[in-house]
J.: 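Below you will find the structure I want to go over with you.
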Number of protein chains: 2
Amino acid sequence: MEPKYPIRVVANKTGLSTHLIRMWERRYHAVEPCRTDTKRRLYSDVDVRRLSLLRRATQAGANIGQIAGLGDDQLVELVASYEQISVGAVPRAVGATDPEFFLRLALDAVKTLDQRALESALLQASVSVGRTLLFEGVIQPLLSAVGEEWNAGRIKVSHEHMATSVIRSFLGHLIETTVVDTNAPLIVVTTPTSHVHELGALMAAVTATGAGWQTMYLGPNLPAEDIASAVRQSKAAAVALSLIYPPDDPRLPGELRALRRLVGNDTLIIIGGESRGNYRKTIEEIRAVTVENLRSLAEVLASNRSVAATEAK
Amino acid sequence: MEPKYPIRVVANKTGLSTHLIRMWERRYHAVEPCRTDTKRRLYSDVDVRRLSLLRRATQAGANIGQIAGLGDDQLVELVASYEQISVGAVPRAVGATDPEFFLRLALDAVKTLDQRALESALLQASVSVGRTLLFEGVIQPLLSAVGEEWNAGRIKVSHEHMATSVIRSFLGHLIETTVVDTNAPLIVVTTPTSHVHELGALMAAVTATGAGWQTMYLGPNLPAEDIASAVRQSKAAAVALSLIYPPDDPRLPGELRALRRLVGNDTLIIIGGESRGNYRKTIEEIRAVTVENLRSLAEVLASNRSVAATEAK
DNA sequence: CAGCCTTTGACAAATGTGAGACAATTACTG
DNA sequence: CAGTAATTGTCTCACATTTGTCAAAGGCTG
C-alpha cells in the first residue's frame, strides 16, 4: 500500500471536502497520512477506505469525535450496526483488499445456503474493496460461478434463487444508502419487455447513484411505451437498459425504435449487458450509446452529468 | 456491545422522539445510558432494543409508568400478549398512527413516480404503526389500489413496477434488520413453479421473522424438488408457500404432493395466499396447514415454534 | 505567476442537556 | 355525574458542546 493520493483526489473519492478531511485529522487524528518532503499529505488506499467508513458512519448519525479513534475492523462493525445490517460472527479480514477472498467467502455461503454469511461477505467486500471491484471482482464473478456450478449440477436452483434474492436486496440497499443531491439529473434504469434478468440493471442503477445521478429503478420487463412514459413523467435526462437474456429477441428492435420515438431526441439512451452486441444495428439507428461494462457506464454518466444538469434549467 | 449510539440515532431506530426518550429516562428511568465525559448520552444495542419494546408496548395500550421498570424478558412477553390482544382493536391515540394517512402518502408517491417518497412513507409507517397494521393497513391496500388504478388506466405499468421494486426492497430490509435468535427454528419461504407473484411470500417471510423464526427466503417460482432440497440442506422445520397467481394451476397439485413426499412427514407445510382455496383438496391430502392471512400465519408459527425447537434437538 | 496545499485562528450552525411548563387524556373521588 | 388528581406527550428556554466552514498568510508546484 504505497501512499499516493493528494488530498484533492481523496476528497473526490470519499465525498468529503478537503477542509473537513484536514479538520478530522487535526482534531481527532482520524487519519494521519504520510507526507512528501514538503509536508504535503499523501493518502493510501487504506486511508481512503477509512475515511469512507467514517463518512458513512457520520452520515448515519454517529459523532465523528466518538468514532474517529476506532480501529478499522471496529469501524466496519459500527457501520454495519448503524446501517442496520447484521454481520454476525463471521471470519473477518479487514486487512484484505483482495476481491477473490470475498468471492470465495460468498460462494461458500451460497453453497451452504447460508443467507447471513452471504450478506456479511457482500457487506465486508463493499467496505473493503471499492465499488468497481465489488462488481467486477465479486458480484459478477459470483453470478458466473453460481451459473457454472448449477450447469454442472453441483448446486440447485434454490441456491441460485437465494443468491439472487440476497444480492438484489443488497444492491437495493446500496442505492438507498447513497445520498445524492436532489438537483442531480435523473436516470431511469430498467430492462425491456421479456428481458427478465434484473441484476445487471440493478448494478447499473447502483453505478448511476455512485456517479452522482438520481436513479429510478423500475425493475425488469417493461414495455417501451411505459419506459417512455416514466421518462416523461419524471423528466429524466437518460435511460439505461440492460440486455442479457434472451440474446436474440426479435421484438427488441421494434421496442427500441419505439422508445426513441416516444422519448424524443433529447434523452440519452444507454444500453449495456452481455447481449448488447446482437442488436448493434438498431442501437446505432436510434443513436443510443452502448457501454461495455459498468466502468464505462460510469464514464458516460460522468461526462453527461453536467450537460444534463444545465439542460434541465 | 459497547455503547455507541447518540440519542438522535436511537430516536431514528426506535421511532421515538429525542424529547420523549429523555423524559422516559428522567421520569421512569426506562433506560439509563452511559454518558460521554461531557454528559452526552450513549446508548447500546440493548438499550435500543429495550426502548423499541417499550414503544411497542405503549402503542398497544400499556402505560409507560407501569412497565418502565420491568425486566427485558418480561417486556418481551408483555409485548407479545399486548400485540395479540390489541390487533384490530383501536390502538391508543399516539401521534398520527392512522394507517390510512400513510396509505394515501404512499399512493401519491406511486402516482407521481417518486421513489424516495414511497420509501419514506413505508419507513414512517413501519415505525409508526405496528407490523400487522403495516401489512393489513398499508402495503396490502396499496397493492390493491395500484392494481385498480392500473385497471382503470389511470397509471402505467411503470408505476406498478416502481411500487413493486420499492416494496420488495423495503420488505427485504425488514427481514434483515430483525434480529433473530440463532437457535430459533428455520422456515423456508417461497412460491411454487410458475407462481411468480412474490410480494405475498415476502410478507410471509417478514411475518415469520417477526414471530421469532429464522427465515430463508428463496424468491418466487421454485420447483418442488428444489424447495425440498433446500429444506433438507438447511434442516428447516417448516415451509411456507404463497399462492396468488395463477388461481388454477393444473400442475400445482402434483408439485404439492411431490413436496410432501420429498420433505417427509416431519416438516410443517404452510400454505397461504388468495388462491389457496382453489387447491383445498390437495392441501388437505398432503396435510398442509392453510392460513387465511398473515395474522393467522403468525399464530400458527407461534404455536409451532416450541415444538419445532424441541424436535430440532 | 496562478493555483493548490498547509497551518492557524475564528465563527456559526446544529445538536444535546436540564429544567420547567402546558395541554390532553385517564383515573379516581365524593 | 362533576370535580380533582395523576399521567404523559410535547414544547420552550438558557446554556454548553460538537462540528462543518471559512479566511488569512505563507510555502510549494508547474
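This one's a predicted model, so the numbers in the text were calculated from it and none came from an experiment.
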J.: Are there more than 12 heavy atoms of other residues, nucleotides or ligands under 6.0 Å from atom CG of D73(B)?
T.: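 Open: at most 12 neighbouring heavy atoms sit under 6.0 Å from CG of D73(B).
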J.: What is the distance from CG of L42(A) to P of dC4(C), rounded to the nearest Å?
T.: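 Interatomic distance, CG of L42(A) to P of dC4(C): 17 Å.
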J.: Could you tell me how far apart I64(B) (CD1) and dT7(D) (P) are, to the nearest whole angstrom?
T.: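 My rounded result for the distance is 13 Å.
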J.: Nearest to the side chain of R8(B), heavy atoms from C-beta on, is which of dT15(C), dC5(C), dT8(D)?
T.: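 Given the options dT15(C), dC5(C), dT8(D), the side chain of R8(B) is closest to dT15(C).
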J.: Which part of the nucleic acid does R41(A) contact within heavy-atom distance under 4.0 Å: base, sugar-phosphate only, or nothing?
T.: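 Sugar-phosphate, backbone atoms only, no base.
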J.: Separation of H19(B) atom NE2 from dC22(C) atom C1', in whole Å?
T.: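 Whole-Å distance recorded here is 13 Å.
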J.: Would you kindly compare K39(B) and K39(A) by the position of their nearest DNA chain C nucleotide and give the one closer to the 5′ end?
T.: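 Its nucleotide being nearer the 5' end, the pick is K39(A).
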J.: So, OP1 or OP2 of dT19(D): does either fall under 4.0 Å of a side-chain N or O from Y28(A)?
T.: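 Yes, because at least one side-chain N or O of Y28(A) sits under 4.0 Å from OP1 or OP2 of dT19(D).
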J.: Select base, sugar-phosphate, or nothing to describe what R27(A) touches, counting heavy atoms under 4.0 Å on all strands.
T.: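 Base: the residue R27(A), judged by heavy atoms under 4.0 Å, touches a nucleobase.
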J.: Nearest 0.5 angstrom please: T14(B) OG1 to Y5(B) OH, how far?
T.: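 Reported value, rounded in 0.5 Å steps: 12.0 Å.
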J.: Within a radius of less than 6.0 Å around CZ of R22(B), do more than 12 heavy atoms belonging to other residues, nucleotides or ligands occur?
T.: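 Yes, the 6.0 Å shell around CZ holds more than 12 heavy atoms from other groups.
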J.: Looking at every heavy atom in both I67(A) and A57(A), which two are closest together, and how far apart are they?
T.: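 Looking at all heavy atoms of both residues, the closest pair is CD1-CB, 3.5 Å.
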J.: Report yes if a side-chain nitrogen or oxygen of W24(A) is closer than 4.0 Å to either non-bridging phosphate oxygen (OP1 or OP2) of dG20(D); otherwise report no.
T.: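 Checking dG20(D) against W24(A), a side-chain N or O does come within under 4.0 Å of OP1 or OP2.
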J.: Hey, what are the protein-to-nucleotides 28-30 of chain D N/O distances that come in under 3.5 Å?
T.:
unit_1, atom_1, unit_2, atom_2, d
dC28(D), O3', T38(A), OG1, 3.3
dC28(D), O2, R40(A), NH2, 3.3
dT29(D), OP1, T38(A), OG1, 3.2

J.: Take atom CD of E25(B) and atom P of dT17(C), then tell me their distance rounded to the nearest Å.
T.: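 Distance check: E25(B) CD to dT17(C) P gives 8 Å.
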J.: So, OP1 or OP2 of dA19(C): does either fall under 4.0 Å of a side-chain N or O from R26(B)?
T.: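 Result: no.
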J.: Could you tell me how far apart I21(B) (CD1) and dT15(C) (C1') are, to the nearest whole angstrom?
T.: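 Taking CD1 of I21(B) and C1' of dT15(C), I get 14 Å after rounding.
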J.: Report yes or no: do E32(A) and H29(A) form a side-chain donor-acceptor pair below 3.5 Å?
T.: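 A donor-acceptor contact under 3.5 Å links the two side chains.
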J.: Answer with base, sugar-phosphate or nothing: what part of the nucleic acid does R22(B) contact at a heavy-atom distance below 4.0 Å?
T.: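 If one applies the 4.0 Å heavy-atom cut-off, R22(B) turns out to touch a base.
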J.: Taking R49(B) first and then D72(B), would you say they form a salt bridge - that is, a charged N and a carboxylate O separated by under 4.0 Å?
T.: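 Not counted as a salt bridge, because no side-chain N and carboxylate O are separated by less than 4.0 Å.
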J.: Please state how far atom CG in D37(B) lies from atom P in dG16(C), giving the value in whole angstrom units.
T.: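 Spelled out: CG on D37(B) to P on dG16(C) is 17 Å.
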J.: Does K4(B) qualify as a cation-pi partner of Y43(B), given the criterion of NZ or CZ under 6.0 Å from the six-membered ring centre and within 45 degrees of its axis?
T.: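 Here K4(B) fails the 6.0 Å and 45° test against Y43(B).
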J.: Heavy atoms under 4.0 Å, any strand shown: does S17(A) hit a base, just sugar-phosphate, or nothing?
T.: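 Here S17(A) touches the backbone only, sparing every base.
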J.: Tell me whether the side-chain N/O atoms of R35(A) come closer than 4.0 Å to OP1 or OP2 in dT7(C).
T.: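 The answer is yes; a side-chain N or O of R35(A) sits under 4.0 Å from OP1 or OP2.
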J.: Any ion pair linking R50(A) and E25(A) (charged N to carboxylate O, less than 4.0 Å)?
T.: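 Salt bridge: no.
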J.: Let me know the distance between CD of Q66(B) and P of dA27(C), rounded to the nearest Å.
T.: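 After rounding, the gap between these two atoms is 10 Å.
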J.: Would you mind reading off the distance between M23(B) atom CE and dG16(C) atom P, rounded to a whole angstrom?
T.: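 Atom-to-atom, M23(B) to dG16(C), this comes out as 16 Å.
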